[in-house]
Amino acid sequence: CGLYVLSEWVEEYPRLTRRLIGYMVWGVDVILLLMAIEGLSTWRLLVSACANHIYALNLDSFPLVNLGGIRFLGSCSLAVGNHFLWFFYFIQNLTFAFGQVCSFMFFCIWLVPLALFVSLVPAETSLPSARDSDRKNRQNMFKSLFSKLKQTDGEQQSLHVD
C-alpha cells in the first residue's frame, strides 16, 4: 500500500521526487561516513557510496529511463552486488543484532535503488507510446520479457521435433 501511495506521489511531483532522491544519495553518504567511524568495513562502505552515486546517474533523464541502457542495467547489477557484499559481511560478523542489520540494509543499501525503482512505475505511462491510439499492443517490461522467453522456448522445441 505504501509503495502504491509513493508511486502516485512520484507521478504527481516528478521534479520534487528527482530532487528528493538526490538528497537521499547525500544523506546515505552521511550515514555511511558515520558507519565508517563506528568501524564497519571501509572498502565496503566506499563501494556502497560509489554505487549510490552511480544510481544517481539515472536522474539525468528522470523519470524516463532506458531499460536497456548501460546505466540502468549497471545500476541493477550494482544493487544486487552491493546487497550480497553486505549480506556476506553480516553473515561473517554475527555480532550485530538483526534489527541493526535490517536498518542498515534498508537505509544504506536499498533506499536509493528502491526509490528509483518505484519512480519507474509512472514513467511507463508518461512515455510517448502511452499516448498512441493503439494501446492494445503496449506491454509492460515483464510481459514482453516473458513473451520473448516463451518464443525462445517454442523455437527450441520446434528444433528438437525435426
Side-chain angles (χ1 to χ4, degrees), residues 1-91 93 95-132 135 138-146:
C1 183
L3 289 177
Y4 178 73
V5 170
L6 186 60
S7 68
E8 289 292 323
W9 184 69
V10 168
E11 188 175 358
E12 293 285 327
Y13 308 103
R15 289 184 185 160
L16 182 62
T17 303
R18 178 182 180 186
R19 194 174 319 139
L20 182 64
I21 292 173
Y23 291 145
M24 276 194 273
V25 169
W26 292 105
V28 169
D29 283 348
V30 170
I31 294 171
L32 292 174
L33 180 63
L34 293 173
M35 292 296 117
I37 294 170
E38 287 292 319
L40 259 63
S41 174
T42 306
W43 71 272
R44 285 180 176 91
L45 292 169
L46 286 174
V47 168
S48 295
C50 289
N52 280 334
H53 287 278
I54 291 173
Y55 304 147
L57 292 175
N58 288 310
L59 293 176
D60 290 344
S61 61
F62 185 82
L64 304 176
V65 176
N66 181 6
L67 297 178
I70 191 74
R71 284 184 183 176
F72 179 74
L73 295 175
S75 295
C76 290
S77 61
L78 272 174
V80 172
N82 197 19
H83 167 81
F84 280 107
L85 183 75
W86 283 103
F87 176 77
F88 290 123
Y89 175 77
F90 287 122
I91 290 292
N93 299 312
T95 58
F96 298 99
F98 181 72
Q100 291 174 325
V101 173
C102 289
S103 297
F104 177 82
M105 293 294 279
F106 178 76
F107 288 108
C108 296
I109 308 303
W110 301 329
L111 183 65
V112 175
L114 183 65
L116 284 169
F117 181 73
V118 168
S119 67
L120 293 178
V121 175
E124 183 179 290
T125 59
S126 65
L127 293 173
S129 64
R131 290 181 224 121
D132 291 341
R135 294 179 185 262
R138 269 191 335 149
Q139 293 180 340
N140 68 16
M141 179 179 64
F142 297 110
K143 284 183 182 178
S144 64
L145 178 67
F146 288 127

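Bear in mind that the values here come from a model prediction, so they are computed numbers and not experimental data.
Residues passing the salt bridge (Lys or Arg N to Asp or Glu O under 4.0 Å) test with R19, sequence neighbours excluded: none. Annotation: side-chain contact (heavy atoms from CB on, under 4.5 Å) contacts of Y89 (sequence neighbours excluded): L40, S41, R44, W86, N93, F96.
Atom-to-atom distance recorded for L45:CG and C50:SG is 11.0 Å, nearest 0.5 angstrom. Within the model, atoms CG of L78 and CG of L73 stand 11.5 Å from one another, a figure rounded to the nearest 0.5 Å. A distance of 8.5 Å separates NE2 in H83 from CZ in F88, rounded to the nearest 0.5 Å.
Side-chain N or O atoms of S103 include none that pairs as donor or acceptor with a backbone N or O of Q100 at under 3.5 Å.
The salt bridge (charged side-chain N to carboxylate O under 4.0 Å, His left out) pairs that include a residue from residues 61-73 are D60-R71, where partners are two or more places apart or lie in different chains.
Nearest heavy-atom pair, G22 versus W26, reported as atom, atom and distance to 0.1 Å: O-CD1, 3.1 Å. Closest approach of S75 and N58 over heavy atoms only: OG-ND2, 2.9 Å. Smallest separation of non-hydrogen atoms from I31 and C108: CG2-SG, 3.3 Å. Nearest approach of I109 to S48, heavy atoms of both residues: CD1-OG, 3.6 Å.
A side chain to side chain contact (heavy atoms under 4.5 Å, CB included) with Y55 is found for one member of N82, V25, I21 and no other, namely N82.
Other residues, nucleotides and ligands contribute more than 12 heavy atoms inside 6.0 Å of the CD1 atom of I37. Around CZ of F107, the count of heavy atoms belonging to other residues, nucleotides or ligands within 6.0 Å does not exceed 12.
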Practice prompt. With side chain to side chain contact (heavy atoms under 4.5 Å, CB included) as the test, would you mind laying out the steps for L116 and F72 before giving the verdict?
Written response: CA-CA 10 Å; L116 284 169; F72 179 74; over 6 Å; no
